[in-house]
Each structure stands twice: as structure tokens, then as C-alpha cells.
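Just so it is clear: chains get the letters A, B, ... in the order the sequence lines come, proteins before strands, and each one is counted from 1. Side chains included, hydrogens not; waters and symmetry mates left out as well; all remaining heavy atoms used.
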2 protein chains.
Amino acid sequence: MPAHAHPPTAAERQAERRRRILRAGTQLACRGGYEAVQMREVAESSQVALGTLYRYFPSKVHLLVAMMQDQLERMHGTLQRKPPAGEGPAERVTQTLMGAFQALQREPRLAEAMVRALTFADRSVSQEVDQVTRLTTAIILDAMGGPEPAPAQLSAVRVVAHTWHSALIAWLSGRASIAQVRTDVATACRLLEPQG
Amino acid sequence: MPAHAHPPTAAERQAERRRRILRAGTQLACRGGYEAVQMREVAESSQVALGTLYRYFPSKVHLLVAMMQDQLERMHGTLQRKPPAGEGPAERVTQTLMGAFQALQREPRLAEAMVRALTFADRSVSQEVDQVTRLTTAIILDAMGGPEPAPAQLSAVRVVAHTWHSALIAWLSGRASIAQVRTDVATACRLLEPQG
DNA sequence: ATCAAGTCTGAAACTTGTTCTAGATTAGCG
DNA sequence: CGCTAATCTAGAACAAGTTTCAGACTTGAT
């Protein structure tokens with residue numbers, strides 16, 4: 001601990017608690033996926049009372065969606081530092097998404113937990129889910145690299161995002177192969193080409 | 001009851017029970033969506049013991065996915081009797097899917113319940129979910145009307161299905177407008193055009 | 001007809017997400 | 001400092017999905 005350590009303020013301790021909770025949730029998810037993220041365990045593991053956990057995240061789905069936000073923000077930062085090098089927008093986006101896919105493959109149970117929460121979320125989580133959608137869109141737009149996205153392009157971007165999420169779920173449920181995911185993502189990305 | 005009524009066989013009574021359960025689940029879902037389909041209520045409402053309900057459908061998700069299968073089969077039959085009249089494959093598929101969408105709009109809570117179950121389903125339901133996927137694919141292929149689907153076309157069909165499901169969820173969660181759903185479905189359907 | 005196997009029922013028990021309560025601790029403020 | 005409001009904790013309580021169990025009823029084969 002640094003020499004200039006000052007007693008942490010309330011806000012700092014709260015931020016620290018939030019981080020601990022997210023980390024505990026992530027660890028549990030890595031081990032056993034969605035069902036292994038049990039609120040009592042998260043609370044105990046992050047050294048926080050159950051009531052406090054529910055003050056920070058009003059439901060299990062809120063927690064898991066927040067975890068996904070976290071991951072996406074990290075990923076977005078990484079991608080901005082080293083943008084994809086590809087021929088056209090379609091290839092760059094395909095590369096980016098398949099890179100993200102590989103990252104998720106390293107912790108498939110974590111991915112399963114987050115994605116299932118995301119699609120299971122009801123209206124009470126729509127704001128947070130929307131934020132995830134915006135992040136995904138931002139990542140795709142960054143990968144495209146174009147100047148302004150025409151409104152028609154935006155629909156194509158949404159189709160790509162839809163496809164990515166859906167293909168991810170199909171893979172996580174064992175209903176689609178990695179090759180199929182790649183094929184489908186690439187197919188959807190064809191819509192991003194200028195003449196498309 | 002008909003004059004030639006014979007005492008129903010065991011198999012008939014079982015089929016009857018299954019129908020009663022599906023109907024009860026559907027009614028509850030129409031009223032209050034996913035959360036209103038409570039297994040105890042379904043059991044009581046279909047005059048079946050809770051244990052029996054679980055013998056027929058090993059989980060709530062299984063039940064809801066079976067309800068969706070039922071709906072899709074009905075829809076497929078209807079569509080085969082009056083196929084869509086449109087210019088190209090893209091337009092016909094768009095028409096068909098937006099027609100299905102309008103049908104779902106009439107019972108939005110039922111749609112919400114079924115679709116949420118579908119995307120929340122884990123590996124233990126993958127067989128049933130796969131059947132739903134196949135039905136969706138069959139509906140799209142029928143609407144296209146073409147002779148043989150080239151393997152490249154199959155990926156496009158999957159992208160359309162992905163987009164439809166995903167857009168449906170976004171609409172049900174209040175995160176997308178009907179216009180946006182139509183736009184996105186139409187965009188994805190562009191991949192079905194011969195030159196696409 | 002009778003026995004074994006499978007099925008249905010009613011009810012209790014168990015699990016896990018969520019809510020509630022009472023008291024302790026802390027933060028901000030006059 | 002001393003007060004008030006907010007926060008945190010421990011734990012009980014509640015809700016709904018799921019499992020289990022004992023007993024009654026069918027069914028099918030011998």
C-alpha cells in the first residue's frame with residue numbers, strides 16, 4: 001500500500017465493493033456458468049451482505065449484464081489500441097468479431113452466463129441491455145472504420161450484431177459449430193460492404 | 001361425445017393430458033407472460049399432479065419450448081396452404097416473417113414467454129430448441145420458394161433466422177420499434193437474393 | 001386371474017432468487 | 001460534538017422451480 005495512503009473515502013469503498021462483487025461473480029461464472037453464479041455465494045465471496053449485493057445489483061441478471069458491460073468496455077479499449085487490419089469493412093468486422101469470439105472461447109462458461117442473462121433480461125433491465133447493445137454497435141462501427149454511418153448502414157450493423165449474439169448462443173448451447181459461427185458472421189458482414 | 005365412443009386407451013388419455021397441459025400453459029402465458037406460467041398453476045389448471053407435469057415436460061423451459069413448437073407447426077401449416085405472393089425470395093420471406101410477427105403481436109405476452117424460454121434454454125433442451133430452429137428454417141425456405149438451397153444460401157437463411165429472433169426479443173423488451181424490426185428483417189433478407 | 005412394472009396423485013421437502021427486519025456503523029452537517 | 005439520514009450486516013422469511021415419496025390405480029404379460 002502506498003505511503004501516501006489516506007483513509008479511503010466512502011465512495012472509494014463503494015467502488016471497491018462493486019469491483020469485488022463483479023470479480024466474485026466473474027470467478028463463479030468462469031467455474032460453472034450461469035447457474036453457478038448464486039447470489040449467496042457472490043455475496044459471501046465478495047465479503048458483502050446479501051442485502052448489500054442487492055443494493056448494488058437489483059437482480060442476478062443485472063449483475064451478469066454489468067459483468068458483460070465490463071468485459072465489453074475492456075474489449076473496446078483493447079481494440080481501439082490495435083484496430084483490425086483488413087481489406088474492406090466486412091473483412092475487418094468479421095475479423096474483429098471472430099477475435100472477440102476467440103476471447104470468449106477461453107472462458108466459455110463465463111460467456112454462457114453473460115449471454116444467457118443478456119437474452120433473458122426483461123424490461124426492468126432494458127437500460128443496461130441497451131448499453132451493451134450500444135457498446136457492441138460501437139465496436140462494430142469502429143471496426144468498419146468508415147466516416148459516417150448512413151442510416152441504412154445502421155440497420156446492417158444491427159443485423160450483424162443480432163447474428164453475432166444469436167450465433168454465440170447457438171454455439172454455447174452446442175447447436176452450432178465454430179465454423180458455422182464464422183460462416184454466419186461473415187455472411188451477415190457482407191451487408192456492410194459499400195455496394196451491399 | 002360421439003355415439004361410437006369407446007373408452008379411451010391409455011395412449012389417448014396421455015395425449016389428452018399433454019394437450020391440456022399445453023393449453024393451460026398457453027392461457028397462462030397469454031395473460032401474464034413468462035413469469036405467469038407457474039408450474040403449480042399449470043398443473044392445477046390442467047388437472048394434473050405436479051409430478052405428472054414434470055414427467056411430461058422436465059422443466060418450465062421444456063414446456064414453453066414445446067408450446068413454441070406447437071405454434072410454429074400450426075403456422076407452418078397455415079403458410080403452406082396460402083404461400084406468400086411477392087416478387088423475389090427476399091420480399092416473400094420478409095412478408096412471411098412480418099406476417100408471423102403480426103400474429104405474435106396479437107398475443108405479445110405469449111410470444112414473450114416462448115421466446116424468452118427459447119433463448120434461455122440450456123444444453124438440456126438443445127434437441128427441442130433445434131427442432132424449433134429447423135421449423136423456422138423450413139418456414140423461411142418455403143417462403144423463398146426456390147428449388148434447392150445452395151449451402152451458401154443456408155448461411156443466409158440462418159442469418160435471417162438469427163435476425164428475426166433477435167429483433168423479436170428486442171421488440172418484446174421494448175428496445176426496438178416495429179419499424180426497426182421490419183427494417184432489420186428486410187435488410188437481412190437482402191442476403192437471400194440470387195446475386196446477394 | 002394375478003403379478004410386476006409403469007403411471008398418476010397429493011403433499012412435503014429442497015433449492016435458489018428475492019424481500020424484509022432489526023440493529024450496528026458511518027457520513028454529512030449544523 | 002451530536003443529530004439525522006443513509007448504508008451495511010446478519011439472518012429470517014417468502015416465492016417459485018424442482019425433487020422426492022408413499023400410496024392408489026392401470027396395464028400388460030403370464
Judged by nearest nucleotide, the residue sitting upstream toward the 5' end of DNA chain D, B:P58 or B:R13, is B:P58
Once you apply a heavy-atom cut-off of 4.0 Å, does A:V42 come out as touching a base, just sugar-phosphate, or nothing? nothing
A:L50 CG to D:dT9 P: how many Å, rounded? 11 Å
Within a strict 4.5 Å, meaning less than it, do heavy atoms of the A:E128 and A:V132 side chains meet? no
Just checking, is any N or O donor in the side chain of A:R134 or A:Q131 under 3.5 Å from an acceptor N or O on the other one? yes
Under 4.0 angstrom, heavy atoms only, what part of the nucleic acid is B:E35 near: base, sugar-phosphate, or nothing? nothing
I need the CD-P distance between A:Q38 and D:dA16, as an integer number of Å. 19 Å
Contact class for A:F57 (heavy atom, under 4.0 Å): base, sugar-phosphate, or nothing? nothing
Whole-Å distance separating the CZ atom of B:R18 from the P atom of C:dC8: 13 Å
What's the CZ-C1' distance between A:R40 and D:dG11, to the nearest Å? 11 Å
State which residue, out of A:R13, A:R18, A:R19, A:Q14, fulfils the side chain to side chain donor-acceptor pair (under 3.5 Å) condition with A:E16. A:R19
Are A:Y56 and D:dC8 close enough that a side-chain N or O sits under 4.0 Å from OP1 or OP2? yes
Does a side-chain N or O of A:Q14 approach OP1 or OP2 of D:dC8 to a distance below 4.0 Å, or not? yes
Whole-Å distance, A:M39 CE to D:dA15 P, equals 19 Å
Tell me: OH of B:Y54 to P of D:dG17, nearest whole Å? 6 Å
Between A:T163 and A:D184, does any side-chain donor sit less than 3.5 Å from a side-chain acceptor? no
Reckon B:E41 touches a base, only the sugar-phosphate, or nothing at all at heavy-atom distances under 4.0 Å? nothing
CG of B:L53 versus P of C:dC8: gap in Å, rounded? 12 Å
Please give, in whole Å, the distance from C:dT18 C1' to A:K60 NZ? 12 Å
Does the structure place the NZ or CZ of A:R116 under 6.0 Å from the centre of the six-membered ring of A:Y34, at an angle of no more than 45° from the ring's axis? yes
